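The structure appears right after this line, and notes come after that.
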Amino acid sequence: MSPARTEPGSRSRVLVATAVPAERDAVAGAFCSPAVEIPLPGATLHRVGALDLLAAGVGPALAAASAAAALTAAALGGTPYGLVVCAGIAGGFAPDAPVGSLIVADEIVAADLGAETPDGFLPVTELGFGTVRHRPPEPLVRDLATAADALTGGVLTVSTVTGSAARAAELRVRHPRALAEAMEGFGVAEAAAAHRTPVVEVRAVSNPVGPRDRAAWRIGDALTALTEGFGKLAPVLESWNPA
C-alpha cells in the first residue's frame, strides 16, 4: 500500500490531531469560515477547508486510537488522507525554544518508551522491539518552517510530563536536538505510519520544560501562536503533494 497522493493542482486532505478541544479550536481560529462537524464513531471531526480537525485525547495511547479511527474511516470511505499533523501546545527546552515560539518537528521521538536499567535508560529499540522515532518529510518541514518562521528540531513524546530540573537535564542529554516535549505526537505518528501516511508535528510553546510552575505557564499566548501559525501553515499543508 503506497502513500495517498493528490493529483497536480488538487488539495490534499489533511487530518490535524490535537489533544484537547481548546487546541483544536485554536487551529480552527486561523480560518474565516466556520467548521463543519462530521460525526465519527467515538469522535467528531471539525472540517475547515481541506483540514479535518480532531480532538484526539491526551496521551499517546488515546491519540493513536483516535487518529487511527479517523484514518480508517477516511480510507474505507474512499477519501484517504494525504497527510497527518499532530498539533497543539508544548513545553519548550530553554533557551532554545522560548515561550510563544512555534516548532515544526523534524523528528518525533518516544522519549520514555523503553526500560530503566542500572546503567540508565534503554529505548525499546535496544530491547529488540519496534521504533522510537518518526521523521516527517524534510521538504515539508522546510516549507512549513519557512512559511511560519518556525523553529525546527525534535519534539519528544512523553507519558509523564517533566516536572523537575533533573528530569529536563536527563532528557536533554539523551536528546540534545530536542526543542519541546508533549504527549501525543508519537501516538499520532504510529497511527499515520500504519496507514503509510506522512506525518508532521507542530507545537507552540506554553512553558519551559522543567520544574512545574503553573504561574509561568502562558497557555493563552501559546494558543494564539498556534492560531497565527496555522494561518501561515494552512496553504502549505493544503497544497502539499507527497512525492
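All values derive from a computational prediction rather than experimental measurement.
- Clustering ILVMFWY residues whenever any of their side-chain heavy atoms sit less than 4.5 angstrom apart, transitively, puts V20 in a cluster other than the one holding I89.
- Counting only heavy atoms from C-beta outward, the side chains of R177 and D106 approach each other to under 4.5 Å.
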Requested in this report: Go through the steps for R174 and L156 under the test side-chain contact (heavy atoms from CB on, under 4.5 Å), then give the verdict.
Outcome: CA-CA 11 Å; R174 283 174 25 212; L156 308 182; over 6 Å; no
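- Under the 4.5 Å side-chain criterion, counting only non-hydrogen atoms from C-beta, V209 is not in contact with R167.
- Residues A191 and A64 come closest through the heavy atom pair CB-O, 3.6 Å.
- Of all non-hydrogen atoms in L102 and A225, the two that sit nearest each other are CD1-O, 4.2 Å.
- Of the candidates T146, V141, L151, V104 forms a side-chain contact (heavy atoms from CB on, under 4.5 Å) with just one, namely V141.
- The CG atom of L226 sits 8.5 Å away from atom CG of L233, with the distance rounded to the nearest 0.5 Å.
- Under a hydrophobic-cluster definition in which Ile, Leu, Val, Met, Phe, Trp and Tyr are linked whenever side-chain heavy atoms come within less than 4.5 Å, directly or via other members, V188 and L40 are assigned to the same cluster.
- Between P98 and V205, the closest side-chain pair of non-hydrogen atoms is not below 4.5 Å.
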Requested in this report: Starting from the C-alpha separation in whole Å, work towards a yes-or-no answer on side-chain contact (heavy atoms from CB on, under 4.5 Å) for L237 and L144.
Outcome: CA-CA 8 Å; L237 295 172; L144 291 173; 3.8 Å; yes
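- Scanning all heavy atoms of the two residues, the minimum distance from I103 to A180 falls at CD1-CB, 3.7 Å.
- Atom CG in L51 sits 11.0 Å away from atom CG in L45 (nearest 0.5 Å).
- Considering only heavy atoms from C-beta on, V155 stays 4.5 Å or farther from I108 through its side chain.
- How far CZ of R47 is from CZ of F31: 12.5 Å, rounded to the nearest 0.5 Å.
- Checked for salt-bridge contact, E228 and K232 miss the test: no charged N lies under 4.0 Å from a carboxylate O.
- Between atom OG of residue S101 and atom CG of residue D221 there is a gap of 11.5 Å, rounded to the nearest 0.5 Å.
- Remark: E138 CD is loosely packed, at most 12 non-hydrogen atoms of other residues, nucleotides or ligands lying under 6.0 Å away.
- The two residues S66 and A56 make their nearest non-hydrogen contact at OG-O, 2.8 Å.
- Between A90 and A182 the shortest heavy-atom distance is CB-CB, 4.1 Å.
- Linking ILVMFWY side-chain heavy atoms closer than 4.5 Å, directly or via other members, places V84 and I38 in a single hydrophobic cluster.
- A donor-acceptor pair under 3.5 Å links the side-chain atoms of R13 to the main chain of T79, judged by distance alone.
- Shown are T162, L171, V158, T157; of these, the side-chain contact (heavy atoms from CB on, under 4.5 Å) with D112 is made only by V158.
- Just one residue in the list E190, E201, E107 forms a side chain to side chain donor-acceptor pair (under 3.5 Å) with H134, and that residue is E190.
- In this structure, the side chains of L223 and E23 come closer than 4.5 Å at one or more pairs of heavy atoms.
- In this structure the side chain of V14 never reaches within 4.5 angstrom of the side chain of W240, judged on heavy atoms.
- Between atom OG1 of residue T152 and atom CG of residue L179 there is a gap of 7.0 Å, rounded to the nearest 0.5 Å.
- Taking 4.5 Å as the limit, some side-chain heavy atom of L140 sits within range of a side-chain heavy atom of V236.
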Query raised in the report: Could you go step by step and tell me if V85 and F230 meet the side-chain contact (heavy atoms from CB on, under 4.5 Å) rule?
Result: CA-CA 11 Å; V85 183; F230 261 84; 4.2 Å; yes
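- Looking only at side-chain heavy atoms (C-beta outward), C86 and R203 come within less than 4.5 Å of each other.
- Interatomic distance, CD of E181 versus CG of N207, reported as 8.0 Å (0.5 Å rounding).
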Query raised in the report: Hey, mind stepping through F186 and V199 against side-chain contact (heavy atoms from CB on, under 4.5 Å) and telling me if it holds?
Result: CA-CA 10 Å; F186 187 79; V199 64; over 6 Å; no
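- When every heavy atom of Y81 is checked against every heavy atom of A70, the shortest pair comes out as CE1-O, 3.7 Å.
- Cluster annotation: L127 is not connected to F121 through the hydrophobic network of ILVMFWY side chains, with a link wherever side-chain heavy atoms come within less than 4.5 Å.
- Grouping the Ile, Leu, Val, Met, Phe, Trp and Tyr side chains by contacts below 4.5 angstrom, directly or via other members, places L122 with L113.
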